[in-house]
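All remarks here apply to the structure that follows.
Residue numbering restarts at 1 for every chain, and letters A, B, ... go by the order of the sequence lines. This is a predicted model, so every value here is computed, not measured.
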Amino acid sequence: MIGLLDSNNFYVSCERVFNPKLERQPVVVLSNGDGCVVARSNEAKALGIPMGVPVFQIKHLLRHEKVKVFSSNYALYGDLSARITNVVRQDIADVEVYSIDEQFLDFSTTRHPQSADQLGVNIRKKVKQCTGVPTSLGIAKTKTLAKVANHIAKKSLVHEGVYVLDREQIIEEFLSLTPVADLWGIGRRYAKKLSSFGIHTALDLYDCKEAFVKKHMTIVGLRLWYELHGVSCLPLEMVSKPKKNICTSRTFGKAQMNLSAIKEAVANHASSCAEKLRGEGSVANYIQVFLATSRHRPGEQYSNSFTWTLPVASSDSRELVHYASQALDRIFRKGYQYSKCGVIVSGLVPRDARQLGLFSDGNSSGYHDISQPIRSGQSGQVQRDSLQEDVRLMEVVDMINHRYGRGKIQLGASMTTVETRGWQMQQNRLSPRYTTCFSEIPIAKCS
DNA sequence: TCTGGGGTCCTAGGACCC
DNA sequence: TCTGGGGTCCTAGGACCC
């Protein structure tokens, strides 16, 4: 049996762990840049606040109902998420971390001789006790059915947040009550398409012919269909696969017209991509920079991107910042109010499997001037030595930043100057990083 | 005035190879 | 006049997830 453990209103629950006054209050957490609502307490949902709504559209409601509003605090949420995983792993050996608030549990990999139901109740209690975060647990034969079971566990008040969906008759009964659009893997497009065939509930899809599903929903839909019938097609992935792309992008705090400010933002995003690459042990072959005005504003819009192929795959901050900056020069047009930019690195390969250039000297920081022809090569010994120097330099930078705080050492190109600060993200309602920063540890007052 | 930020997989079609 | 059969790689677009 497979369990899906899902944290209830996760971001809101994290805020409540260290701020119990928020219990029984309407609470929402906003997206990066404080733009949209991305998490709501049950009280906030009851007020009719929809998921994803822009804050400015519900400003009056928020004020009138005294809704508590927070910027997203990923340092806190990421840390609590990792703690939940640690607690779960004490009882279940095979756990797939699926997202920041969800994990799949392989119930066959436990030492405890209890029923899935009883073990599930215990795990859920333990997570609440050790982390303070309330969860729901659905258990079934496949991931897709575990998702359905989780939904039941979350809605039902009688099952203590745990539901085992195992008997065929009950499965069919619940599928008949589930809109097909609520299934994992059915998005807006497929929901519409299926509706045109008269398929509205999950049971309607379950009752379809295999060939019909294959024809209209490809192999992806067919897997979903099998999973509904209790045949597991989506195995648990215990070790996360290396990433194929890495992206860092942000909406500017205020619209930007100034190239030097945008350049600073791009340098920051490129540095961040380089750090993420090194964290993965990967190097990138391509780097893309994109820049765009706001889709939501009337009038002429502009967006563009430019991609470099690197001479030798790299994760060196200096090199990626250099190319990103040159890419920005190629797409920047004067006179537009830009709202967003970003950097994407792709063509990722493991660092030690990188292909050196035929004529490059192997020194990944010694990028050639793009306007100049590539220099001819040097001896193999020099290649290896200079390469190791670079790797070590970046390792030291990462080590210092890990120890003394993010951004303690950075490239001059990504330093913020007073005039260009406007690109930085709005985060006006950030709670403290209670669990990851010594100066922000909560203080208990006893009297 | 103000609208997030990440990712993955699959398919079809074009270009090319022998 | 008659014109095969087997591949690979790449990209764009479409779908989905949190």
Classify the nucleic acid contact of [X] as base, sugar-phosphate or nothing, counting any heavy atom under 4.0 Å across all strands shown.
X: A:E102; answer: sugar-phosphate
X: A:I100; answer: nothing
X: A:L222; answer: nothing

With a 6.0 Å cut-off on ring centres, are [X] and [Y] close enough?
X: A:H151; Y: A:Y163; value: no
X: A:F104; Y: A:W184; value: yes
X: A:F212; Y: A:W225; value: no
X: A:Y74; Y: A:Y11; value: yes

Looking at [X] and [Y], what are the two nearest heavy atoms and their distance?
X: A:A413; Y: A:V321; value: CB-CG1, 4.0 Å
X: A:K143; Y: A:P235; value: NZ-O, 3.1 Å
X: A:T142; Y: A:E227; value: OG1-O, 3.0 Å

Within residues 199-219 of chain A, the residues having a heavy atom closer than 4.0 Å to DNA chain B are A:T218, A:I219
By the Watson-Crick or G-U definition, both distances under 3.5 Å, C:dG13 is matched with B:dC10
For this session: Tell me whether the guanidinium CZ or amine NZ of A:R330 lies under 6.0 angstrom from the six-membered ring centre of A:F306 and within 45° of its axis.
Result: yes
First and last nt of DNA chain B near chain A, cut-off under 4.0 Å to heavy atoms, 5' to 3', are B:dT1 to B:dT11
